[in-house]
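Here the structure comes first, spelled out in structure tokens, and everything after it is commentary.
Numbers here simply count residues along the sequence, with the first being 1. Heavy-atom basis, side chains included; hydrogens, waters and symmetry copies ignored.
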Amino acid sequence: MSTVNSQDDEDTFKILVATDIHLGYLEKDPVRGNDTFVTFNEILDHAQKNEVDFILLGGDLFHDNKPSRKTVHSCLESLRKYCMGDRPVQFEILSDQAVNFHHSKFPWVNYQDENLNISIPVFSIHGNHDDPTGADALCALDILSCAGLLNHFGRSTSVEKIDISPILLRKGRTKIALYGLGAIPDERLYRMFVNKQVTMLRPKEDEDSWFNLFVIHQNRSKHGATNYIPEQFLDDFINLVVWGHEHECKIAPFQNEQQRFYVCQPGSSVVTSLSPGEAVKKHIGLLHVKGKNMKMQKIALETVRTFHIEDIVLADHPDLFNPDNPNVTQAIQAFCTEKVELMLDNAERERLGNPRQPEKPLIRLRVDYAGGFEPFSVHRFSQKYMHRVANPKDIIHFFRHREQKEKNDIDLNFGKLVSRPAEGITLRVEDLVKQYFQTAEKKVQLSLLTERGMGEAVQEFVDKEEKDAIEELVKFQLEKTQKFLRERRTDAEEEKIDEEVRKFRENRKKNAEEEDKEVREAMARAKANRSEDAVLVAASSDEDSMDMEMIGIGDPSEGLSATLSRGRGRARGRARGAKGQNSTARGSSRRGRGSTSQESASSSRIYKPVSVPSKNMSIIDAFRPLKPNPSLNSSQAYSEDIIDVDSDPEDTSFVPSSKGNQRLSTTSSLSKRGSQSQTSRGVDFESDEDDAFMTPATSRRTK
């Protein structure tokens, strides 16, 4: 690796590199709650003291997709304290910032904003923990970007093709092309790389004179066949790759022998899992770039809580432990106590040289009790260390490796062998869904949806709290299948329908790109419907507040008018005072509302269409013809059954009109009157031809 001779001249970039800060991790823990905020302040303090040109973050600045107010406030406080000031920025941006920050309402770098005074710009991509979500595809970094404290780049909204346009920086005679790509599901990005759908754009002029720096946040180590991004996928013109998402600190650049570029893996600045990779000393990097040469300086973080981990295998100590000994459990507990005390002594010696480190360390002792041993009570063991370690409940972890029995291959039942995931490897939700349906019985197998689509919907529900994700996916796939069957003109026989559905499902499974597109379309529709529903609820709340306590139903041909006092529902408080009381019926001359005036669909009355398939109809029901109701008069335009589900019999009173002597006893007698043209809040129920493949939206309109 080339080095930089003069590090402080006007041609040298000084960049502070860090990834995976995870602000807000365990913020409610009384001992570890402030660890992430303290370390973040230390990182920014190093940037200020070293007078860096800018800070480069590789994703996962926040631990949660929706960080708490405390976390956002602490982040804003730190950025304002360390990154704002009078020190001038020494580099300039040559690229089109409207392209680099196209997703922002303020498409320019923050230090060029005349309303802000930025001394240390921060450039960051998003990670898988703080990625954009919701109807507007926003993330926590967008809040910081809108506030002018951070420059969020590397966003890609297209799922068919990704064009990575660099931010072109120049300081003196040194030019840097800064590429960034925020977190994308690994399997999707893997497939896009294979299909040549990812392009890294290069400057047209003097493309060989640029130092190409790429920031990525993906799996680097192989977790599955396509659940990672091989380094060979990246272009060979890159000089340095800053790799986020991996928490093990490998800050020293390592050269890829095939592509010839260097890879720097800063790792996380906080311990988020008690695994061996997290026990490596935490560092950040101070990168010097001059021309095409670079140098990475390691800076150890002093405020990170110390973490010590050790493994013991009980079967490796036959002289100490005998499974047949009745007191073997007490001997194992004493041995573990000795090991924990030794790790505490090492942590205390390490802390004496650094007073900024937290007092209580993290201790992990993993015990393999295979060989006939029994674990002891972890909770009772942890009581002795409540005031000495930061993780007393997680000190001991018992596990048991699968014992290999000496049998012939014929006697082995591979179907019963279940692989045990190693500690520190997190199973994804979509993998669990896929594994469940692959091993489930035939009667619970998916017949319409695919395992991949269901897995992504569950992932959206779990990670991003998209509560309508699964429901919208089911509705979307049902509509697609119904449309397919209608186009194929399939006979209304269950066997033929099942066969067509099976073929349609298999075709979708083969076309992974089309399936991903359908899932994303369904997720986008769920977000859009949620936003639209919120607007409608807000608008209807004003109308509901003007509802009358009594709803009058009149029949001008009979000269009758009846009033119904509302019992339960939204107007429950008002209706109680009016129970049993009479009120004048609404007139039948309300303009645009016909002979009866009804409230909106959000009132206590539910209008149930006659002779219409139910909303959640099956595919078989879609082929059955709609039977006409013989009781309906052909001259009637519309007919509706009015069902009051909110009021009890004792809460409902009907008062005859003064012009007639007829008494109405039930709501069904009202529904048998002549046809009444119903219009609710200005929405006209127009007549349409019935469609056998009726969607939930159209099923509300009836003929």
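Here the closest heavy-atom approach between residue I21 and residue S269 is recorded as CA-OG, 3.4 Å. In terms of heavy-atom proximity, E246 sits nearest to S221 at OE2-N, 3.1 Å. Listed here is the closest heavy atom pair of C83 and V122: SG-CG2, 3.8 Å. Nearest heavy atom pair, residue Y25 against residue R32, reads CE2-NH2, 3.9 Å. When all heavy atoms of H46 and N50 are compared, the closest pair comes out as O-ND2, 2.7 Å. Nearest heavy atoms, A177 versus P166: CB-CB, 4.1 Å.
Between Q357 and T306, the side chains place no donor N or O within less than 3.5 Å of an acceptor N or O (distance only, hydrogens not considered). Residues T174 and D11 bring no donor and acceptor atom of their side chains to less than 3.5 Å of each other. Using modelled atom types, one finds no donor on one side chain facing an acceptor on the other under 3.5 Å when comparing N65 with T133. Counted by atom type alone, T12 and K171 present zero donor-acceptor pairs between their side chains at under 3.5 Å. H217 and H126 are not linked by any side-chain donor-acceptor pair at a separation below 3.5 angstrom, with hydrogens and angles left out of the test.
Between E302 and R356 a salt bridge is recorded (basic side-chain N to carboxylate O distance below 4.0 Å). Comment: K290 engages D9 in a salt bridge, judged by a side-chain N to carboxylate O separation of less than 4.0 angstrom.
Atoms CD and CG, on Q197 and D163 in that order, are 11.0 Å from each other to the nearest 0.5 Å. Here the CG atom belonging to L181 is positioned 5.5 Å from the CD1 atom belonging to I162, to the nearest 0.5 angstrom. Going from atom OH of Y262 over to atom CE of M296 covers 12.0 Å, rounded to the nearest 0.5 Å. Rounded to the nearest 0.5 Å, atoms CG (L149) and CG (L144) are 6.5 Å apart. Distance CG/L150 to CD1/I118: 10.0 Å, rounded to 0.5 Å.
Side-chain contact between F254 and Q265 is absent, with no heavy-atom pair separated by less than 4.5 Å. I15 has its side chain within reach of I176: a pair of non-hydrogen atoms, C-beta onward, lies under 4.5 Å apart. L23 has its side chain out of reach of S74: every pair of non-hydrogen atoms, C-beta onward, lies at least 4.5 Å apart. The shortest side-chain heavy-atom distance between F40 and C75 falls under the 4.5 Å cut-off. Within the 4.5 Å cutoff, side-chain heavy atoms of I93 are placed close to those of L169.
D186 pairs with exactly one of N219, N128, T226 by the side chain to side chain contact (heavy atoms under 4.5 Å, CB included) rule, that one being N219.
Taking the ring-ring contact (aromatic ring centres under 6.0 Å, His included) definition, one finds that H247 meets it with H22, sequence neighbours left out. Every side chain to side chain donor-acceptor pair (under 3.5 Å) that K175 has, sequence neighbours left out, goes to S209.
Two rings, from F106 and F101, have their centers 6.0 Å or more apart. Under the 6.0 Å cut-off for aromatic ring centres, F214 and F261 do not qualify, their centroids lying 6.0 Å or more apart.
Heavy atoms of other residues, nucleotides or ligands lying less than 6.0 angstrom from CD of E205 number 12 at most. For H73, the NE2 atom counts as loosely surrounded, since its 6.0 Å shell holds 12 or fewer non-hydrogen atoms of other residues, nucleotides or ligands.
Under the 30°/60° scheme for interplanar angles, the aromatic rings of H152 and H103 are found to stand perpendicular. Under the 30°/60° scheme for interplanar angles, the aromatic rings of F91 and F123 are found to be tilted.
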Kindly indicate, with the supporting measurements, whether the criterion side chain to side chain contact (heavy atoms under 4.5 Å, CB included) is fulfilled by L287 and V242. CA-CA 11 Å; L287 176 64; V242 176; 5.8 Å; no
List the steps and the verdict of side chain to side chain contact (heavy atoms under 4.5 Å, CB included) for D208 and F237. CA-CA 9 Å; D208 294 332; F237 70 84; over 6 Å; no
Between Y111 and I120, is a side chain to side chain contact (heavy atoms under 4.5 Å, CB included) present by the stated rule, with each step listed? CA-CA 8 Å; Y111 75 87; I120 304 178; over 6 Å; no
Would you please test E231 and Q259 for side chain to side chain contact (heavy atoms under 4.5 Å, CB included) and show each step? CA-CA 8 Å; E231 296 178 4; Q259 300 295 92; 5.7 Å; no
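Sorted by first and then second residue, the pairs that involve residues 80-90 and meet side chain to side chain donor-acceptor pair (under 3.5 Å), not counting sequence neighbours, are D86-N117.
Looking only at distances, no side-chain donor or acceptor of R260 sits under 3.5 Å from a matching main-chain atom of D236. Checked by atom type and distance alone, the side chain of T19 never pairs as donor or acceptor with a backbone atom of L57 at under 3.5 Å.
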